[in-house]
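Order of the sequence lines sets the chain letters (A, B, ...), proteins ahead of strands, with each chain counted from 1.
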Amino acid sequence: MAFSRAAKFTLAALLIAFPWLSDSFTAYQLGLYLLYGMVAQGIALCWGRTGFLPLGQALFFGIGAYLSGTALKADLGWALLLPAFAVACLVPALLAGFIGALVFNRQTGSGPYFSLITLALSMLGFQLANSLSGITGGFNGMTAIPGLPGVDTYETLYFVIVGVLVVSTLVLAHVMRAPFGQLLIAIRENEERLQFFGFRTSMLKAAAFAISGGVAGLAGVLYAPHQGIVTPQAVGFVLSAELLIWTAVGGRFGLIGPVAGTVLIGFMAAGLRDSFRYWEVAVALVFILVVLKMPGGISGLFSAALSRFGGGREIRGAGIAPAMLAGKEHRDEPDLRFDTVGVSMGPVRILNGLSFSISRSGIHCIIGPNGAGKTSALNVLTGRLPLGDGEISWRGVSLGNTRPFIAAQNGIGRKFQVPSIFPELSVRQNIEIALWANRIGTVEMFSMRPYGWTTQMLGELETRFPFLQQGDKTAGSLSVGQRQMLDFSMTVLAEPDLVLLDEPCAGLSTDETRQMIEAIAAIAGETKATFIIIEHDMQVVERLSDHVLVMHQGALLANGTMSEIRANADVARVYSGGSK
Amino acid sequence: MKRRDFIKSSLSVAIAGALSGKAISSAFAAGPIKVGILIPLSGPAGLFGPSSQNCAQMAVDEINASGGILGRQIEPVFADVGGPPADATQAALKLWKGEKAEAFIGMHDSAVRGALTNLFKGQVPYIYTPVYEGGECAAGTYVIGETPDQQLAPVIPWLAKEKGAAKWYLIGNDYNWPRDTNAAAKGYIEASGGEVVGEEYLPFTADNFDSNLAKIKDTGANAVLITLVGGASVGFNRAFASFGLADSAIRLGTLIEENTLAGIGAENSKGLYSSAGYFASIDTPAAKAFAEAYAAKFGADAAALNSLGESCYEGVLLLSALAGKAQSLSASDIDAIAEGTTYEGPRGSATMSNRHVAKDIYLAEADGTAFKVVQTFANVDPGNNCG
Amino acid sequence: MDLVVTYGLNFAYSTATLGLIVLGLAVVFGLLGVMNMAHGEFVMLGAYSALMVQQAGLPFVLAIPLAVVVCGALGWLMEWSVIRHLYRRPFDTFLATWGIAILMRKGVEVTFGREYQSVDQSLPGTVSLLGIDYPAYRLVLMAVIVTMFAALFVWYQRSNTGARIKAMVQNPDLAAAVGINTARLSRATFVTGVAIAGLAGVLLAPLVRVEPYMGLDYLLSSFFILVVGGLGTLEGLVTGSTIIGGADVVISAIFDKTAGYLGVLAISILFLWLRPDGIFSRR
């Protein structure tokens, strides 16, 4: 993490001592910005960690505040107040999760549309808060909200806020350190690759958004007694925008940065605005500078690039018991069928009645000239291209118009021609994610135990590719060949039944090619999985496989052993360039 | 920028006053009294800010020149409360807890007042000066603005009789002042034999009134009661006239003062009436003297005098009278003696009764960008507010 | 009947002004792909140009060159200092332009104050049209907008520059390879877009509230229109304006103004969610 443990304790101690260092009213005012800081931490979880930008975070903050205000006004007493507060956190969390699930299930990636939707929702919430005056008090706001029972708003509430902030920070820090947090970085780095490991990334993103919504709601719960009034501005766009700026300037990759940014800019602005007219102009300039030159914000300046992205790797490791996972021993026979599959993109027909079936384990190779539709065949099988007509099934399960994570959950693993890894994560972390594929459960995502997982195959791969043992090296700094090997290792570590490899030796030196071929052959032999490999290099094909499928113009041209293919007149004509 | 200049100038006035006269001993003993003056400098009501600030400063300077309150000089601390109530609460809280202001004078919307009475809870004297919807009885709160009983009860029947106002359309901003004012207005309209043909509330930021104007036209309304605030009122009145509706319906505003009228413009002000306890043009000795002093102090280009700005002047006078009578600034001491407290202001003599004051009400018709008083209703009771 | 004509004209007015507001963003976002979050602030600067001209006692028409010069110069500066470094980083463009928007808002706030101001109509009075009285300025404004759109459409279809812009939009690398100075063309396009936004601000100033935060409304409605109509075509722009403006007018007439606003937001959210590429997309 960006800050050492000692620094964190010092910060917490400073916060607790603040009323004595300053005065209790200033501490009361600071309390408001600590609450905003909590919301900013949630934004950092979504934006810095996962890579999607929520623009309307005040919506969840305000809902929490209105619910908490309603509960406080009902004068319930602590016994009923605590469950009411829990509801006030849960409602915004569930709402955020619901919105996230709806939007992310339709739109992969982290484009601006999600951001604009959250922005519009926050405006919608603002308008509703204004209109539904029976519930919210309308423009006048929900007024006369009493303080927390037994807590003096101007004297002791501050300590409640600091306590809740520390606890929620620790909880968020655990969420970020746990496998869930590492998967969120993986989403930011390479969402599609994660889907090919069987992770339903839309739900992971929705979960992250739900957590951020819950934290915002929690801050709102304390905002209501702190202010004694909740107005529609608490759900509005202006607050959302300010929260975002504070997060960006403070630093969006950690948890301390957002709070620091909120306190430095928001709290200081409240004091400086009167004496320095150009304060807000200056803040805007700093914000522009941060966007252009320092994505890590203020806290990014304090920490090395590695810890900024890695997020707590060095703290982990020690104290987690290694657990040897059993490999998949008994595999059923494969049963893959392509039945007159057709795929079009616009006016272009990419696959044109492709039919074949594979019912024997081992290594199968697909060859064919460029544009024959080899990669497209794998794409349609794994849900990357929509199926036009025909039928695809794997062990009786229809996979037409499937989605990558469903294909992966059905035991289909895939490696792309260009190595697809998580560049900002370390080699070790890349491997961990592969080990978790199709194995990790929801509860385990929040436990540290999966960091201890290892398999027999991992040991073997580490012997074959020694660089895998340099676990701390950033994956992005590996050579092209090493990245190919890492990608291959990750694909097979997930132990799929059907392994699809797209030119695994592309860009490799002769020596590396030999290593790779040996590895493929050995793994295929041991696991009894079924391999389908797209390959141009006939020598490679010959050494790996005795079953070859030849594709041409979106359909199967020939199918048989290598010697049968060699003897096939159609294949010879295509490869000599005669037919066009 | 202006706020700082004012604080600076008020400080120098206070220091000069302290050094020159008898106030030395008490000023050093207790220091100046900080009085929080809450006025809108932003948003739709920002239009009223400059004149309010001027008037408050003028009252403070005059009181300080004659020895201050309880022998202590007044130090006004201004805050912008033109934003939403939650922001205004924070601004007031900063003056109260941070700057240790001992009394407050507020010229702002009712939503902010609702938030502030809940914030102060009667622990600090709070004088609310502008027109409002009536009914405020919180401890420690004193109201000198016009209520619907004063602004509308005599005026609506008069307009019905003299101008034939029978079919009323009510339009206001969406918060409690317009809604409560209109609720009261409906009673007066029915009593005068008229009917309400439409009622609509808009957000402060609204600047497209097309659908409202179409409805006004469609319903055949011949009178429009406007409870829009500042900038929103300007926009509506301009659009109203630009659609040619000024020929078919009169307009009555309870918050249209001289600066709003200037924004509306002479070409859009035909058939526009305003009712209030003060206009810059009223012709009484006290009002004339006040207007002359204002012009002498701030020059001819200063923000135009109006009922809202002038009410800040009255607010400071009332605070001085209350503190003088109670010989204390504590909220409970003042609350004990408030009933019956009297002061002399530009509107004439005013006496606290049930936290409100009775006053003369003027109905003025716009004549270009000036108001011409067409009818005076003498000593109108504020109604039963704290019953 | 009168009512129908009134609503009809209001609908036409609403659509035309929305089209005018969105045009500048359509150029910048639709052609260059720059999500200019400061778009509304250029509209605001245009409105303040009109205010300055009025305060100086000069004729209203002079606000047009003033706004074009002010917005053009600021746009040039913005493109040179920030945008050109970010053409392939859309997310950062989004944030940086937002920072610039805040800068412009706060700058205007410091200079002119935060209160609502208004600009006088240079063309008061009404014109009788189809049996009803309608404000003269609005009718002139609608005529100006339609003429502007027609002229722009013809220019873009026929002129050499239009053809070069189209080439650049479709394939910037290829366009550069065939000798088009894409850096200069991008800058000119950007400056044109924000100058149009400033012009829109001038023309609308007499009809709207003028204050430092006014741009926000225009920015959002512009984005919503572009999302609904789809990027890059004039038809999409007109369709988007019609749907958003029409929904507002119709819902406001049936219920009230607030319902109209909520309706527009709801339509925008549905489009952002289900059809982010616009109503004509086949997704």
### Query
Non-hydrogen atoms of chain C under 4.5 Å away: do they reach the side chain of A:Leu102, the backbone, both or neither?
both
### Under 4.5 Å from any heavy atom of chain C - which part of A:Ala241
both
### Query
Do A:Tyr36 and A:Trp246 have their ring centres less than 6.0 Å from each other?
yes
### Option in C:Trp98, C:Phe94, C:Phe223 with maximal non-hydrogen atom pairs under 4.5 Å from chain A
C:Trp98
#### Entry: Partner chain A: residue of C:Thr258, C:Ile100, C:Ile102, C:Leu103 with the largest heavy-atom pair count (under 4.5 Å)
C:Leu103
### Query
Which atoms of A:Leu55 come close to chain C, meaning under 4.5 Å heavy atom to heavy atom: side chain ones, backbone ones, both, or neither?
side chain
#### Entry: Residue selection (most heavy-atom pairs with chain C, distance under 4.5 Å) from A:Ile117, A:Val283, A:Val290, A:Leu128
A:Ile117
### Query
Taking the six-membered ring for Trp, are the ring centroids of A:Phe126 and A:Phe237 within less than 6.0 Å of each other?
no
### Lys/Arg N to Asp/Glu carboxylate O, A:Lys293 vs C:Asp92, below 4.0 Å
no
### Message
Centroid separation under 6.0 Å, is that true for the rings of A:Phe209 and A:Phe60?
### Response
yes
#### Entry: salt bridge (Lys or Arg N to Asp or Glu O under 4.0 Å) evaluation trace for C:Arg105 with C:Glu41
CA-CA 7 Å; C:Arg105 282 203 287 270; C:Glu41 275 57 44; 3.0 Å; yes
### Summary
So, the part of A:Ile245 with a heavy atom under 4.5 Å from chain C: the answer is side chain
### Query
Should A:Thr201 and A:Glu191 be marked as a side chain to side chain donor-acceptor pair (under 3.5 Å) after you check the CA-CA gap, both sets of side-chain angles, and the distance that decides it?
CA-CA 7 Å; A:Thr201 54; A:Glu191 182 171 353; 3.0 Å; yes
### Task
Please look at C:Met104 and chain A and tell me whether the side chain, the backbone, both or neither of the residue comes under 4.5 angstrom of a heavy atom of that chain.
neither
### Task
State, to 0.1 Å, how close A:Val235 and A:Ile63 come at their nearest heavy-atom pair, and which atoms those are.
CG1-N, 3.9 Å
### Message
At a heavy-atom distance under 4.5 Å, which candidate from C:Leu216, C:Val227, C:Val82 has the highest pair count against chain A?
### Response
C:Leu216
### Query
Looking at C:His85, C:Met35, C:Glu109, which has the largest count of heavy-atom pairs under 4.5 Å with chain A?
C:Met35
### Query
Going by an N to O cut-off under 4.0 Å, is there a salt bridge joining A:Arg188 and A:Glu424?
no
### Task
With a 4.5 angstrom heavy-atom cut-off, could you sort out which part of C:Phe224 is near chain A: side chain, backbone, both or neither?
side chain
